[in-house]
Number of protein chains: 2
Amino acid sequence: MINQIVQMASTTEENYLKALFNLANERGEVNISELANQLEVSMPTANSMVKTLQKAGSCIYEKYKPVVLTPKGKKEAALIVRKHRLTEMFLVTKMGFGWEEVHEIAEQVEHIHASKFFERMDEMMGYPTVDPHGSPIPDKQGRIQDLQFKSLSEAKPGQEVILAALSDSSTEFLEYLNSRKLTLGTELKIISKEAFDQSIVVSFLDSEKETLSQKVCEKLLVKIFESKDSSQ
Amino acid sequence: MINQIVQMASTTEENYLKALFNLANERGEVNISELANQLEVSMPTANSMVKTLQKAGSCIYEKYKPVVLTPKGKKEAALIVRKHRLTEMFLVTKMGFGWEEVHEIAEQVEHIHASKFFERMDEMMGYPTVDPHGSPIPDKQGRIQDLQFKSLSEAKPGQEVILAALSDSSTEFLEYLNSRKLTLGTELKIISKEAFDQSIVVSFLDSEKETLSQKVCEKLLVKIFESKDSSQ
DNA sequence: GTATATTGTTAGATTATTCTAACAAATTTA
DNA sequence: TAAATTTGTTAGAATAATCTAACAATATAC
Ligand SMILES: [Mn+2]
Ligand SMILES: [Mn+2]
Ligand SMILES: [Mn+2]
Ligand SMILES: [Mn+2]
């Protein structure tokens with residue numbers, strides 16, 4: 001057969017591919033229950049879709065084994081993530097949305113099939129490399145760079161860091177950060193760390209001073225750019 | 001039953017609603033074969049979807065009779081058209097697309113459920129009332145104004161007109177207009193009209209002179225803004 | 001190491017959207 | 001008006017995406 005047309009992935013399939021991609025990056029192996037949980041479908045539904053994706057050559061799956069994306073599936077997923085993150089960045093930088101408002105919209109816009117639309121966004125923004133939450137934007141070939149930030153919970157008193165990304169971009173967490181005026185790029189100086197509960201006192205924006213719980217610190221990814229005292 | 005949730009129209013249903021709305025505006029009555037033809041589906045498919053839309057309260061349908069949108073269906077359709085036309089205008093005025101490139105993208109973007117996204121577009125553009133092809137943009141209540149332009153084929157020699165809208169926005173026609181540098185807002189002076197084939201010679205942009213076939217003239221909607229000689 | 005809990009699978013059903021085939025109604029042509 | 005054409009309907013089937021119920025395999029806890 002010469003004229004076999006390769007069917008485009010449906011919106012549903014695209015969401016599964018993206019979920020597999022994101023879960024694999026966050027947790028390593030992806031099993032059916034995690035996938036079902038992430039997409040809020042039943043396990044039989046996830047099971048059945050994984051078989052469909054395997055038939056399409058996007059993943060490998062053996063009964064009772066974790067699901068693994070093929071290079072093809074990984075690229076498909078990365079290109080959807082690219083559209084998602086370009087959209088989020090466009091909404092924030094060109095349309096005035098807050099970083100807590102853009103995920104839901106991008107969840108829909110990422111399924112638009114119009115490469116010129118996203119190329120134009122990219123061009124208008126000057127080819128950004130990260131989204132509004134600090135996550136890297138895959139390139140047109142689906143390659144994604146590993147930014148290797150440290151969690152703020154690993155920082156030591158005396159160190160100065162820059163808030164570079166988040167490991168949680170939920171609306172609730174973003175709204176918490178808004179209420180503290182914590183934005184990406186903020187310089188934080190670690191004043192002290194409480195041994196009992198691992199909470200950290202930081203100063204930032206010249207005068208402000210805040211106590212951040214361990215829960216929060218874990219979700220803040222930072223670049224450690226200067227160390228005045230790393231003895232403790 | 002107090003807690004009956006009213007299901008949102010699917011993308012498919014939205015496309016049917018829009019087709020019914022557009023066909024009704026262009027041709028008056030809408031029958032199943034026109035609808036099927038417009039959406040490139042079989043007649044049984046269109047027939048079945050019309051029954052579905054009736055169950056949802058969006059249209060009225062009796063066997064062998066034309067399909068009629070209810071006020072509810074008309075509003076639903078108009079709000080999708082609003083999203084479509086706002087998107088087209090945004091793509092042209094804010095993202096640098098040509099008027100011949102935007103329809104296909106808008107056909108997808110119109111199905112995004114995020115009112116703030118479209119409100120923001122609207123605001124950024126200063127609340128435009130027409131799309132890049134001169135078609136009116138329905139307001140937030142789904143009301144649409146009737147602009148009542150005349151076709152250029154009705155204009156008489158000596159008259160001066162402004163190109164205000166198109167009754168055909170196909171890529172092919174738009175590319176034809178591009179090749180002639182005919183854009184909305186262009187002032188045209190009707191030099192003469194050939195009785196044999198109804199073609200019209202116009203002058204515009206100071207020096208240019210063009211012969212436009214009847215076929216083209218019919219698709220050009222104009223505002224007649226001055227009449228130096230309407231005797232013929 | 002058995003019992004319990006969790007995870008995964010299969011089977012079978014449902015809803016949405018589409019098709020083709022066959023037939024019926026309505027309209028147009030002759 | 002009768003024949004031919006077009007338009008519309010019904011029936012029946014297919015595919016995609018989902019579910020619940022029942023059972024099976026794997027992992028965890030005691
Ligand atoms: Mn996101
Ligand atoms: Mn999505
Ligand atoms: Mn359009
Ligand atoms: Mn559409």
Side-chain angles (χ1 to χ4, degrees), chain A residues 4-20 23-24 26-68 73 76 80 107-108 110-111 113, chain B residues 4-20 23-24 26-68 73 76 80 107-108 110-111 113:
Chain A
Q4 51 175 332
I5 30 166
V6 181
Q7 234 352 107
M8 220 166 34
S10 67
T11 294
T12 307
E13 286 173 309
E14 289 190 340
N15 282 331
Y16 277 85
L17 284 170
K18 193 156 63 82
L20 286 169
L23 286 171
E26 286 161 26
R27 293 170 205 275
E29 292 191 331
V30 185
N31 50 39
I32 298 288
S33 72
E34 280 171 343
L35 181 61
N37 191 57
Q38 171 86 16
L39 290 163
E40 300 182 83
V41 296
S42 68
M43 281 201 287
T45 299
N47 181 281
S48 139
M49 182 53 85
V50 161
K51 288 172 181 169
T52 301
L53 291 175
Q54 174 159 58
K55 273 181 204 130
S58 300
C59 75
I60 290 164
Y61 180 57
E62 285 173 89
K63 270 190 187 184
Y64 304 108
K65 295 267 170 65
V67 191
V68 184
E76 291 172 316
I80 301 161
E107 203 56 54
Q108 298 178 66
E110 70 190 0
H111 303 292
H113 292 282
Chain B
Q4 50 177 331
I5 28 166
V6 182
Q7 234 353 106
M8 219 167 33
S10 67
T11 294
T12 306
E13 287 172 310
E14 290 190 338
N15 282 332
Y16 277 85
L17 285 170
K18 195 157 63 77
L20 286 170
L23 286 171
E26 286 161 26
R27 294 171 205 274
E29 294 192 330
V30 185
N31 51 38
I32 299 287
S33 72
E34 281 170 343
L35 182 61
N37 190 56
Q38 171 87 13
L39 291 163
E40 299 183 83
V41 297
S42 69
M43 281 201 288
T45 299
N47 181 281
S48 138
M49 182 53 85
V50 161
K51 287 171 181 170
T52 302
L53 292 174
Q54 175 160 56
K55 273 183 205 128
S58 300
C59 74
I60 291 165
Y61 180 58
E62 286 173 88
K63 268 190 185 183
Y64 304 106
K65 294 269 170 64
V67 191
V68 183
E76 290 172 316
I80 301 160
E107 202 57 52
Q108 298 177 66
E110 69 190 359
H111 304 292
H113 293 282

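Below, all heavy atoms of this structure are taken into account, side chains as well, without hydrogens, waters or symmetry copies.
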- From A:E13, A:E107, A:Q38, residue fulfilling side chain to side chain donor-acceptor pair (under 3.5 Å) relative to A:K18: A:E107
- Task: Report yes if some heavy atom in the side chain of B:E110 is under 4.5 Å from a heavy atom in the side chain of B:N15; otherwise report no.
- Result: yes
- Query: Side-chain contact, heavy-atom cut-off 4.5 Å: B:V67 with B:L53?
  - Reply: no
- Query: Base, sugar-phosphate, or nothing for B:S48, non-hydrogen atoms under 4.0 angstrom?
  - Reply: base
- Message: Any base atoms under 4.0 Å from B:K65, or only sugar-phosphate, or nothing? Heavy atoms, all strands.
- Response: nothing
Any [X] side-chain N or O less than 4.0 Å from OP1/OP2 of [N]:
| X | N | result |
| --- | --- | --- |
| B:S10 | C:dA16 | no |
| B:Y16 | C:dA16 | no |
| A:T45 | D:dA17 | no |
| A:S42 | D:dT18 | no |

[atom1] of [X] versus [atom2] of [N]: gap in Å, rounded?
| X | N | atom1 | atom2 | result |
| --- | --- | --- | --- | --- |
| A:M49 | D:dT15 | CE | P | 15 Å |
| B:E29 | D:dT7 | CD | P | 14 Å |
| A:N31 | D:dT28 | CG | C1' | 15 Å |
| B:E62 | D:dG8 | CD | C1' | 15 Å |
| B:Q7 | C:dT17 | CD | C1' | 16 Å |
| B:K51 | C:dT17 | NZ | P | 15 Å |
| A:N47 | D:dT18 | CG | P | 13 Å |
| B:K55 | C:dA16 | NZ | P | 9 Å |

Just compare [options] and give me whichever is closest to any side-chain atom of [X].
| X | options | value |
| --- | --- | --- |
| A:T12 | C:dC19, D:dA17, C:dG8 | D:dA17 |
| A:I32 | C:dG8, C:dA11, D:dG8 | C:dG8 |
| A:Y64 | D:dT9, D:dA17, D:dT26 | D:dT26 |

- Mapping A:M43 and A:K63 to their closest nucleotides on DNA chain D, which lands nearer the 5' end? A:M43
- Task: Please figure out whether A:P44 or A:E13 has its closest DNA chain D nucleotide nearer the 5' end.
- Result: A:E13
